[in-house]
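Accompanying notes for the structure given below.
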Amino acid sequence: MRKPWWKILTVLLLLYVVVGGLLFEVPRLVILNETIRALYFHVPMWFGMILMLGVSVAYSILYLLRSNRSYDDFAIEFANVGVIFGMLGILTGMLWAQFTWGDWWSGDPKQNGAAIGLLIYFAYFILRGSLDNDEQRARISAVYNIFAFFALIPLLFILPRLTDSLHPGNGGNPGFNAYDLDSRLRMVFYPAVIGWTMLGVWVATLRVRIRKLEQIID
C-alpha cells in the first residue's frame, strides 16, 4: 500500500469525478433534473462507508482471534473514516432532498435509519474513550464494533424497504439504475465509487501509521 501509483490514480479519479459530475451531460428526468448529479457523490460515499466499516469489523474479528494491537489500530481508523463518509453521505443526501422532496429532513425511513446508524457508531467512539486499559478497550470495542455494523445493515437496507419511503430504490420507488438507459451516469458513477473508496483506504492507512508513530513516542 506504500506504492505511489494507487494514490496518483485516486487523485486522478476524483478529479475526473468532480469535473464530470459537475459538467458532463446527464439524463433529463422529471423532478430530478440536475439533482441527479448527487449520484456521483452521495451514493459512492455510502458505498465507501459500508466498505470502510466492513473492513473495520474484519479487523475487530481478527483482534478477538489473535489479540494483536495492530488489528485494533486498523479497526478504529477504518471506523473513523467510515463514519466521516457516512456524515458526508447524509449531508449530500440532505442537499438532494431539499431540491427533490422540498425539505432538508423529511423523516424518511432511510434518513432516520442512517442517522440512528451513525449514532450507534458515535457511541462506539465514546465507549473507546471511556476505557483506560488498552487491552480492555480494544476487546470491548471490538465486540461493540461487530454489533454496530450488523445493526447498521438492517437500518439502511432492510427496514426502509418494509415501509413507505421516498428514497430511490425503497418503498416501491425505482432506483437510479432503472433510469440509466444510456450509460451516461455509469461513465462517472463507477469511477466515483472506486475513487472515493480508494481515498478512504488512503486516509485510514495514513492515520494508522500516525497512530503507530504516536505509540512509539509514548
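Positions are given from 1, in the same order as the sequence printed here.
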In the single-linkage hydrophobic clustering (I, L, V, M, F, W, Y; side-chain heavy atoms under 4.5 Å), do [X] and [Y] co-cluster?
X: Tyr190; Y: Trp196; answer: yes
X: Tyr59; Y: Ile210; answer: no
X: Ile126; Y: Met87; answer: no
X: Phe157; Y: Val193; answer: yes
X: Ile153; Y: Leu119; answer: yes

Closest approach of [X] and [Y], non-hydrogen atoms and distance?
X: Ile120; Y: Ala148; answer: CG2-CB, 3.6 Å
X: Gly113; Y: Leu156; answer: C-CD2, 4.3 Å
X: Phe41; Y: Met45; answer: O-CG, 3.0 Å
X: Arg37; Y: Leu23; answer: NH1-N, 3.7 Å
X: Ile146; Y: Ser60; answer: CG1-CB, 4.5 Å
X: Trp6; Y: Thr10; answer: O-OG1, 2.7 Å

Electrostatic pair Arg137:Asp134 at N-O distance under 4.0 angstrom: yes
Electrostatic pair Arg128:Asp72 at N-O distance under 4.0 angstrom: yes
CA sep, side-chain torsions, deciding dist, call: Met52, Val55, side-chain contact (heavy atoms from CB on, under 4.5 Å): CA-CA 5 Å; Met52 296 302 107; Val55 171; 5.5 Å; no
Steps toward side-chain contact (heavy atoms from CB on, under 4.5 Å) verdict (Trp105, Ile90): CA-CA 10 Å; Trp105 195 275; Ile90 282 185; 3.9 Å; yes
Ring geometry between Phe78 and Phe74 (parallel below 30°, tilted from 30 to 60°, perpendicular above 60°): parallel
Side chain Asn145, main chain Ser141, donor-acceptor under 3.5 Å: no
Nearest 0.5 Å, please: how far is [atom2] in [Y] from [atom1] in [X]?
X: Asp73; Y: Gln215; atom1: CG; atom2: CD; value: 4.5 Å
X: Trp46; Y: Leu88; atom1: CH2; atom2: CG; value: 10.0 Å
X: Thr92; Y: Leu39; atom1: OG1; atom2: CG; value: 10.5 Å
X: Lys7; Y: Leu9; atom1: NZ; atom2: CG; value: 13.0 Å
X: Leu199; Y: Ile194; atom1: CG; atom2: CD1; value: 13.5 Å
X: Tyr40; Y: Phe189; atom1: OH; atom2: CZ; value: 10.0 Å

is_close_aromatic(Tyr144, Phe147), centroid dist under 6.0 Å: yes
Near-ring test Phe24/Tyr16, centroid separation under 6.0 angstrom: yes
Flag if over 12 foreign heavy atoms under 6.0 Å of CG, Asn133: yes
Gln98 atom CD: more than 12 heavy-atom contacts under 6.0 Å: yes
Stepwise side-chain contact (heavy atoms from CB on, under 4.5 Å) check, Ile140 with Leu127: CA-CA 8 Å; Ile140 294 176; Leu127 174 65; 3.8 Å; yes
Pair Trp96-His42, side-chain contact (heavy atoms from CB on, under 4.5 Å): steps then yes or no: CA-CA 9 Å; Trp96 178 84; His42 172 65; over 6 Å; no
